[in-house]
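Below is one structure, written out as structure tokens, with a few remarks after it.
Remember, predicted model here, so these are calculated numbers, not experimental data.
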Amino acid sequence: MAAPRSQETWDCMLPGPSSRNNGGCADCSAGGLLAYGAGSSIVVADPRSMQLVSVLPMPAPSQTSPSAQLVTSGHSLAPFVTAVRWIPQPVSRDLSTQDEPSNSHLRLAVGDRQGRIAIWDVRSRLVLQWLELDSGGADRSRLGIQDLCWILSDTWLLAAIHGPSLLTLWNPTAGRCIWKYDAYPEFLSCIRRDPFDSRHLCVLGLRGFLLSAIVLSGGVEGDVSIKEHQIPGVLDPAEIQKLDKESSSASPNSPALAVFPLFCARFSFSPLWRHILLITFPKELIVFDLQYGTSLSSTSLPRGIGKFMDVMPDPDMDQLYCAHLDGKLSTWKRKEGEQVHVLSKMEELMPSIGTAVPSPAVLAVVLCQSESVLQKVGKLSVPSMSAHSSSAACYSLPSDLCTKSDLVSNSHLVSISDDGKIWSWLLTSDNSIDVQDTSLDMIKATDICEEAVLPTQTAAKESDAVDSANIREISSSFQESNFFTKMSLIGQLQLLSSTVTTLAVPAPSLLATLARGGNVPAPAVPLVALGTQSGIIDVVDVSANAVAMSFSIHNSTVRGLRWLGNSRLVSFSYNQVNDKVGGFNNRLVVTCLRSGLNRPFRVLQKSERAPIRAIRASSSGRYLLIVFRDAPVEVWAMTKNPIMLRSLALPFTVLEWTLPSAPRPLQNGSSKQSSISSKEQTSSSISSGNTSSMDLKTSSEGSGDDTSESFAFALVNGALGVFEVHGRRIRDFRPKWPSSSFVSSDGLVTAMAYRLPHVVMGDRLGNIRWWDVTTGLSSSFNTHREGIRRIKFSPVVSGDCSRGRIAVLFYDNTFSVFDLDTPDPLANALLQPQSPGTLVLELDWLPTRTNKDEPLVLCIAGADSSFRLIEVNMNDTKTSSGVKPRIFKERFRPIPLCLPILFPTAHALALRMVLQMGVKPSWFSSSNTTMEAFTSYIPENGLASIGDLRSYMIKSDLPDVGDSVVPELLLKVLEPYRKEGCIFDDERARLYASVVNKGFAARLAFAAACFGEFSEALFWLQLPHALLHFFDKSSSKSAKDASQSGSLLEAENISVPNIMSLVKNPAPERRKQYSMKNGQLKLMAFSQEELWGAANARIPWHERLEGEEAIQKRVHELISIGNLESAVSLLLSTPPEGSHFYPNALRAVVLSSAVSRSLHELAVKVVAANMVRTDKTLSGIHLLCAVGKYQEACSQLQDAGCWTDAATLAATHLHGSDYARVLQRWADYVLHNEHNIWRALILYVAAGALHEALATLRNAQQPDTAAMFLLACHEINSQVSCKSQDSDESTGEKQKFFLPGKSMGDEDLIAVSEYYGQYQRKLVHLCMDAQPLFY
């Protein structure tokens, strides 16, 4: 159950920089959102536009939490965030639960150093669930989180590494741990999910321990299948001894990132090859085969290169990107025919120009796939084939498909450094060939034609295959010679650069403008200056919640910072001299924000006895007080060249300049204002004091000739005073003293605030006293808290009922807000004992308030290096008053934040539906100005008239599905987003314009990719090819039936015409052809050529493996691809003393009979005198293959769980309905066990089971996808069928459904259409009820 929205979820917050304590935790969602840990907060940013989206501060442990048992004080900092992971769940189509955060697709799992796991909903900024181990085990209560990973069984589960060695499996919905595994004494480092099987995960340890786990159906305890592996030789004995020594001195509950912050062991599943892990240890790159349980290759890091930090495989190309601890990125390319990677290039992730010395450290590197998938949709989407052209002939291709850019792969990389910067990089992998463009166009055109055209004759099909293989071989040779990767910096986001030590807000007085000759008061700009520990001053624009500018001024910590008016800053730092003389070097600098110049002043040639303790600038910026420790106070005139006016040799404790005078309060409010009664002063009205203050303001500031300013002070003995500075003169202000003394028994005043006519003081006993300098009235009360460090008057505007609101910061880093104009300030105080998640170091009021209805806003510098704005409302009743999130209605952004994934669910589904149905690119041009010229080249059926939204939709003659009125209503709902330009930016709108006319499947793939549903996008891209595969098998079925009168050998030769001829030579060109397939589309492989090619490409990887188990698996691979001769040779190589000699000999004899008589005789001679023992399961399958029973062999392989092997065997030997049955059974397994609906759907389509595919979509409660599936199948079937030609020429009316096969009746089509119409109408109602949400 979701907790109430906590007070720490402020919209306006800037986090501090990330550090090694965060363990480099970062993750990029499929929808394009970047999340990473920065201190105790989670930063959510858009890596595309490089803008901050939100900051989620982790709350401090509650006293009831089991992880809080070691907290000794009443207040604590929130622990460091050490792991973040987005849930890979798509946008839910279940409209009944679309508003429930627990079903949100924006859930983020966050782990911290105290073992807590928070499930956040990023949109609502709610912690939906806390996951913590039971408090019964004291040793488990503070096991820090090392890593997190989402896996899918019947529901989404969360795997986590707690402490050094504990692996847990959580059910976030129920909030309980359902499975545990302790790998002690190993230090677990990394956990990842298999992209081919969402139930499968692997965990890696620092010493080479590897755990493979599969969560079986149900996910209850005990239903997890595990297998342990050990990677040999990853560490030498010296490193192992060093690890043991460091781990023995560390806390037993600390995770690996805390014990070994610079020892990184990471891995990633290959997105292109199943069962392949890519593993990096500090000095080794290892390729591990889970199927064989062994390493395929190990590559040592060359000398002079920093240790590995992380590994990221390219999703499209067979290459790796490795991040290094020294801030570099290396690119590794796989050798053809081997699983060995070669270093090809090194790049700097931290540019040498414009960075500090020493360079900041790179803490995390993340590969963002959202943009590359969208680019892939644009490149791989094939235009709609003309219905008038023959299915066997090549259709005309647009020139933009035959461009050089098709051979370029783009990947987007994001790096995070410890100076608060996020860097966006573009990696361009170019496979272009150095020939004339005409030759390149010819090759590309031939490739596209070969893939898209449906062959109808066997001879033509064989000829096309040979030509295609030759073309790809030529292209592959150029690829190997001219391959290169280029990295370019395309964006940067600057957040707070270091730990915040102080802050300052501008509060200029009227004098600030008069000094420059103006007659208008100086405006209070929405800027806040922050001094940091690294000597940098960050200037924050609070209206944009962003760092506007940053100045590197000091070489040490910025100790103090003040504004001079609203355009200059003065800051100071000091460092201690370590020579015999000793002393301190004080540095004072004036910074001009307009010119960016830094001008030091008060530059001395030798060190001073005392450091600077504080600086205080007057509201006009004319004067500056420099307070030294145990030394006089200097008064400076801050002219162009600052001049010291006087040195005051008094024992000051605090000094504060007067703030600009506040306007007169409302009449109906002044009668209610009264001072608090105390033992020192009887109750009296302050209204007379208010009048006096207005008179004083008129006399002192109202005249342009009188430019004096005053400051109040307190001495060590408790004495108070007010001095006035007029020009170069400093004189006593002569205030009216209070009737009773303010000197307490302790006597030390520690904080002060001064705004005419009131002086408010706080001491180290927690007492607050205030004094009217014009009337002498005074009062006091005790806060019952620790000493007071800072007091700040709130800004007052005309019409305010109170001028006495103050913010008080205590020495325990908590704060409270009091209203001194109430009869009992303590009773009506707004007590905020702790800013959630952090302690407060500094605070001040934001002075940009101009209307009495606007809320008061506090600026806070937290101990976690964060900067926050919080809204204070004290006008409500006591039950509702409090610190509430400050939400700016008009936040400035340099460019709109185009993230449809952040829309309310109903609006996101509406945009998805509009993109699927097809909207003209001119719909985006009104909000994207640069799109106007681009859309003028796009053929459209006329431009849409103003106000007529229906004309924006693309006209289609496809059958009607659903409600025809809904698209127009959805466009009206999306109109606010379109006007704000928050749907697509120019680049993405241009990409949509390039695919909008490429057919229904292309639009469906683009819409899915926009919302991060990559598997669905791959399904739509493969759907035309799957249907073509089904058509091809259906058309060749009759020819196959007619040829069944021949012998078994002849039938075998017909079914595999090419494979048996290539037995003696494993066809390296076939492996090259397969290696050039389009990246992650291998996940959706279904055709015989693709499956056979994938299996054949793996053969060379395992040739050097030894051992009985490896030999058995190699034999199985060879038999699966039909290479019986090599299998026999391998079996006969078994030594006679081996335990597998007899079963291998038996199989060799039987298999050799299927190859040749001579080979059979040779095998018989070897095993003639030996007895046959009981064999294993795979051996029986091999015997079935030897006698031609391939259908039964495939069934047994599937029963044994070898689904990929069964598909490979079927692709080699089966055709027609036999092959379709294998695919359909495989689809059932993928759907119900692996829970991969899109992979199952493509297998159903390839098998011709369209009815099962449609039923799967309906059972998954995706009525929109079911309807789109029917339309896409209709469009493809109409284009490749000769029957559609006449209907297209005869009439332009709406077509009737024309689907392949005969498995779908009219009642199914009607049901899908009606269900889709109901879904549309309900979605429209939800869209109308939801308010547009802008970030």
Go through the structure and list residues passing side-chain contact (heavy atoms from CB on, under 4.5 Å) with E228, not counting sequence neighbours. Y181, F209, L211
Using side chain to side chain contact (heavy atoms under 4.5 Å, CB included) as the criterion, point out the one residue from D310, L413, V311 that pairs with V365. L413
I'd like to check the ring pair (Phe, Tyr, Trp, His ring centres under 6.0 Å) partners of F263; sequence neighbours left out, ordered by chain and number. none
Considering only NZ, NE, NH1 and NH2 on the basic side and carboxylate oxygens on the acidic side, decide whether R48 and D46 come within less than 4.0 Å. no
Pairs meeting criterion side chain to side chain donor-acceptor pair (under 3.5 Å) with involvement of residues 261-271, two or more places apart: S189-R266
Listed by chain and number, what are the ring pair (Phe, Tyr, Trp, His ring centres under 6.0 Å) partners of H324, not counting sequence neighbours? F308
Given 3.5 Å as the limit, does a donor-acceptor pair link the side chain of R1114 with the main chain of L1118, or not? no
Which residues pass the side-chain contact (heavy atoms from CB on, under 4.5 Å) test with A213, sequence neighbours left out? L201, V224, I226
Among all residues two or more places apart in sequence or in another chain, which pass the side-chain contact (heavy atoms from CB on, under 4.5 Å) test with H275? D289, L290, Q291
Going by the rule ring pair (Phe, Tyr, Trp, His ring centres under 6.0 Å), which residues pair with H229 if we only count those two or more places apart in sequence or in a different chain? F288
Do P360 and M350 have side chains that get closer than 4.5 Å, going by heavy atoms? yes
Taking the side chain as every heavy atom from C-beta outward, state whether L188 and Q146 have any pair of such atoms under 4.5 Å apart. no
Side-chain donor/acceptor of D864 to backbone N/O of S40, under 3.5 Å: no
Donor-acceptor under 3.5 Å (W150 side chain, R85 main chain): yes
Does any N or O in the side chain of Q230 come within less than 3.5 Å of the main-chain N or O of L210, such that one atom is a donor and the other an acceptor? no
Could you list the residues that satisfy salt bridge (Lys or Arg N to Asp or Glu O under 4.0 Å) with D112, not counting sequence neighbours? R116
Go through the steps for W332 and S344 under the test side chain to side chain donor-acceptor pair (under 3.5 Å), then give the verdict. CA-CA 5 Å; W332 301 72; S344 63; over 6 Å; no
Using a distance-only test with no angle check, is there a side-chain donor-acceptor pair under 3.5 angstrom linking S198 and E1234? no
Can you tell me if W86 uses its side chain to pair, donor with acceptor, with the backbone of L33 under 3.5 Å? yes
Side chains of D314 and S411: do they bring a donor and an acceptor to under 3.5 Å? yes
Shortest non-hydrogen contact between L278 and P313, atoms and distance: CD1-CB, 3.7 Å
Are the charged groups of D318 and K333 less than 4.0 angstrom apart, N to O? no
If you measure from NZ on K328 to CG on L349, what distance do you get to the nearest 0.5 Å? 10.5 Å
For D194, enumerate each residue passing the salt bridge (Lys or Arg N to Asp or Glu O under 4.0 Å) test, keeping only those at least two apart in sequence or located in another chain. none
Return a table of donor-acceptor pairs under 3.5 angstrom between the side chains of residues 488-498 and protein atoms on other chains or two or more places apart.
unit_1, atom_1, unit_2, atom_2, d
S497, OG, D538, OD2, 3.0
S498, OG, S534, N, 3.4

Begin from the C-alpha positions of D418 and S19 and carry the test side chain to side chain contact (heavy atoms under 4.5 Å, CB included) through to its verdict. CA-CA 6 Å; D418 63 357; S19 67; 5.8 Å; no
Those residues at least two apart in sequence (or on a different chain) that pass ring pair (Phe, Tyr, Trp, His ring centres under 6.0 Å) with H200 are F269
How far apart are the C-alpha atoms of W179 and T168, what are their side-chain angles, what is the distance that settles it, and do they pass the side chain to side chain donor-acceptor pair (under 3.5 Å) test? CA-CA 6 Å; W179 181 76; T168 61; over 6 Å; no
Just by distance, do the side chain of S297 and the backbone of Q339 share a donor-acceptor pair under 3.5 Å? yes
D147 (side chain) donor-acceptor with I191 (main chain) under 3.5 angstrom: yes
Please identify each residue that fulfils side-chain contact (heavy atoms from CB on, under 4.5 Å) with L325, with sequence neighbours left out. R20, L262, C264, K307, M309
Looking only at heavy atoms, which two atoms of Y36 and V84 are closest? And how far apart? CA-CG2, 4.2 Å
Parallel, tilted or perpendicular: which describes the rings of F187 and F260, with under 30° parallel and over 60° perpendicular? perpendicular
Atom pair OG (S18) and CG (D419), whose distance is rounded to the nearest 0.5 Å: 11.0 Å
